[in-house]
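Owing to the predicted nature of the structure, the values given are computational and were not obtained by experimental measurement.
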Amino acid sequence: MELLTRYILKKYLVAAAGIAFLLCFLGWLIQLLRAVDLVTNKGQGISAMIYQSFLSIPDILNIVLFLCVALGVSRTVRGLQLSKEIFPIYAGVGLRPLIRSWTIFICLSIFASLSLAHFIVPTAKYHIAVQSDQINADLVANSSRPGRFTQVAPGLTMMIRERAPDGTGLGFFIYDTRDPLRSQTIVAEESQLAQVDDVLTVRLKRGAIQYYTYANGKMSGLEFETYSLALADITDSNSASSVLSNSLQLLMRGSADGLSAREQYSLHLRNAGALYVFTMGLLAFFMVSRPNTMRGRSRVSVDFVVLSIAVVVKVVGTGVEQFVFSSPALAPLVYVPALLPLLVVFPLALRQGLLRRPPKLGGAT
């Protein structure tokens, strides 16, 4: 690799890393504030709150990576223009060092995006869900004090009459009003925490469920001998069993049993992130790579334009993702918003003459 290419590549990496650090730090602070509930309402320590907030950093980075890449490119090249370094580069060797360093930078960014989306983020989400399951198990166990009605979650009250010497709950009661259409009351003679296929459940014996529908004021019910109630349903959380595996495990399992619609949608969504990185990085490069004497300086910053386009593209992408989520057969549509920056790239390239070779110096022909 040429010295000049390494120099520009280093500037790309430093600029993108600085922006990524800032955005991830802000995102981490937001997650930290959301995790305060672990301490105030769920009786967990500070370490659990910090641990869970740190596990959210890969997901935050995966979301903002395309923006970091685009702004890293635009800020680096604009910095070269402001320092007048780009003019001797362009006059001497043209855009070749810029293009080479950009190509290497984009390849590294795409690799980082695919690694995050396919492996690191699913693993982090799984560990978050595992910790949430453990916290919820402690919450239910600790809040189930015999003879006391306890609000486990908003709209959900639980009570156990007493406990047997082996820890089995005797006289189990739940009143659930979280559903806006109906309430339900669950009673059982016995209850016990159990784990089935990595799913934490409350196993009930000899009981009944009663439903009351608000619209017509009618009651319905059923009796059961045994009934397993998922802990995630009680505490309004995601169980570890509901978290999708990394893509390699999905493909290995899909080769034998086939992929579900949800898994196919997830794979397309993970790949789309890398396409956002490429197209936004290409857009930023074409917007600033042509030398500019700054004599007619625009009042609108290039960084602001890049940021605005990135936000619009991501908003459109989020809308398409929500639409496709309800229609999994249309999963390939998630790539369309990532291609929108190309509508600006090609006219911009033609207007600035970036597809033409740089002029010869000294009257050479």
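The shortest distance between side-chain heavy atoms of K218 and Y211 does not fall below 4.5 Å. Q184 places none of its side-chain heavy atoms less than 4.5 Å from the side chain of Q210. Residues D176 and I186 form no side-chain contact, since every pair of their non-hydrogen atoms from C-beta on lies 4.5 Å or further apart. Put simply, the side chain of T226 does not reach to within 4.5 Å of the side chain of L204, judged on heavy atoms. Residues E190 and F172 have side chains not in contact (no heavy-atom distance under 4.5 Å, counting atoms from C-beta outward). Residues L170 and R163 are not in side-chain contact: their nearest non-hydrogen atoms beyond the backbone lie 4.5 Å or more apart. No side-chain heavy atom of L283 sits under 4.5 Å from any side-chain heavy atom of V306. A heavy-atom distance below 4.5 Å is found between the side chains of W102 and L282.
Judged purely by atom type and a 3.5 angstrom limit, T5 has no side-chain atom pairing as donor or acceptor with the backbone of S101. Here the side chain of S74 pairs a donor or acceptor atom with the backbone of L71 at under 3.5 angstrom. A donor-acceptor pair under 3.5 Å links the side-chain atoms of T318 to the main chain of K314, judged by distance alone. Distance alone, capped at 3.5 Å, is enough to place a donor-acceptor pair between the Y265 side chain and the E321 backbone. At least one donor-acceptor pair under 3.5 Å links the side chain of Q81 to the backbone N or O of V288. Judged by distance alone, the side chain of S115 and the main-chain N or O of F111 form a donor-acceptor pair under 3.5 Å.
For F54 and W28, the gap between ring centers is short of 6.0 Å.
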Is there a side-chain contact (heavy atoms from CB on, under 4.5 Å) between I19 and V64 once you walk through the steps? CA-CA 9 Å; I19 298 169; V64 302; over 6 Å; no
Under the side-chain contact (heavy atoms from CB on, under 4.5 Å) criterion, do V311 and L307 qualify, and how do the steps go? CA-CA 6 Å; V311 171; L307 178 61; 4.2 Å; yes
Mind running side-chain contact (heavy atoms from CB on, under 4.5 Å) on Q192 and V202 for me, showing each step along the way? CA-CA 6 Å; Q192 194 172 34; V202 179; over 6 Å; no
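Between D303 and R75 there is a salt bridge, since at least one side-chain N of the basic residue sits less than 4.0 Å from a carboxylate O of the acidic one. Under a 4.0 Å N-O distance rule, the pair R253/E263 qualifies as a salt bridge.
I106 and G281 make their closest contact through CD1-CA, 4.0 Å (heavy atoms, listed as atom of the first residue, atom of the second, distance). Scanning all heavy atoms of the two residues, the minimum distance from P122 to L116 falls at CD-O, 3.7 Å. Here the closest non-hydrogen pair linking A274 and L114 is CB-CD2, 3.6 Å. Nearest heavy-atom pair, A338 versus Y276, reported as atom, atom and distance to 0.1 Å: CA-CE2, 3.7 Å. N216 and T213 make their closest contact through OD1-CB, 3.3 Å (heavy atoms, listed as atom of the first residue, atom of the second, distance). When all heavy atoms of C68 and L23 are compared, the closest pair comes out as SG-CD1, 4.0 Å.
In the displayed structure, F21 atom CZ is contacted under 6.0 Å by at most 12 heavy atoms of other residues, nucleotides or ligands. More than 12 non-hydrogen atoms from other residues, nucleotides or ligands lie less than 6.0 angstrom from CZ of F224.
Cation-pi check for R182 over Y212 is not met; the charged atom does not lie both under 6.0 angstrom from the ring centroid and within 45 degrees of its normal. Cation-pi geometry between K205 and Y227 is not satisfied (NZ or CZ under 6.0 Å from the ring centre, within 45° of the ring normal).
Taking the six-membered ring for Trp and thresholds of 30 and 60 degrees, F105 and Y12 have nearly parallel ring planes, at less than 30 degrees apart.
E85 and Y7 share a side-chain donor-acceptor pair at under 3.5 Å.
S266 pairs with exactly one of H268, Q264, R270 by the side chain to side chain contact (heavy atoms under 4.5 Å, CB included) rule, that one being R270.
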